[in-house]
Amino acid sequence: MAATTDIRFKRMQAKYQTLENAQDEVFDKVDGFEAALLGLTEMVAENREMILENSRKLDAIMEHLDVPYSKPTGFVKD
């Protein structure tokens, strides 16, 4: 058994390294997804602001032209 101890230890160490490398790859991908999700969330917030601004402008144009329209434009809270 003493003759195979080094071999067994090297095999165990190789398995551990393989597992650790796989976990590092998964963590890197999760970090990338998190960064992408945060970027998309930021873009959605910016787009929402632009839509609200465009809706206010459209409402002002419609009011200026006396356009009869009873539905509100933009985001409506339910």
Side-chain angles (χ1 to χ4, degrees):
M1 180 132 166
T4 60
T5 302
D6 286 342
I7 296 169
R8 291 174 194 270
F9 180 74
K10 287 179 182 177
R11 185 177 69 179
M12 182 180 63
Q13 189 176 22
K15 286 182 179 181
Y16 176 76
Q17 286 297 89
T18 302
L19 175 63
E20 191 175 69
N21 291 341
Q23 288 174 338
D24 286 343
E25 188 176 334
V26 169
F27 294 151
D28 290 344
K29 286 183 181 183
V30 168
D31 288 343
F33 291 147
E34 179 186 26
L37 184 59
L38 290 173
L40 288 172
T41 302
E42 199 173 296
M43 288 174 59
V44 166
E46 290 174 10
N47 286 344
R48 184 178 187 280
E49 288 301 317
M50 288 196 307
I51 290 170
L52 289 173
E53 181 181 340
N54 289 340
S55 294
R56 287 190 292 270
K57 288 178 181 179
L58 182 58
D59 287 340
I61 291 170
M62 290 169 58
E63 184 179 330
H64 177 73
L65 296 174
D66 294 325
V67 175
Y69 191 77
S70 60
K71 286 186 177 181
T73 58
F75 293 100
V76 179
K77 292 185 179 182
D78 292 334

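- By the side chain to side chain contact (heavy atoms under 4.5 Å, CB included) test, Leu37 is found to be paired with Thr41, residues two or more places apart in sequence or in another chain being considered.
- Here His64 contributes atom NE2 and Lys57 contributes atom NZ; the two are 15.5 Å apart, rounded to the nearest 0.5 Å.
- Each side chain to side chain donor-acceptor pair (under 3.5 Å) pair with one or both residues in residues 11-31, not counting sequence neighbours, appears once here: Tyr16-Glu20.
- A single hydrophobic cluster is seen to contain both Leu58 and Val67, as judged by linkage of ILVMFWY side chains at heavy-atom distances under 4.5 Å, directly or through other members.
- Separation of atoms CG (Asn54) and CZ (Arg56) is listed at 9.0 Å; rounding is to 0.5 Å.
- Between atom NZ of residue Lys10 and atom CG of residue Asp6 there is a gap of 6.0 Å, rounded to the nearest 0.5 Å.
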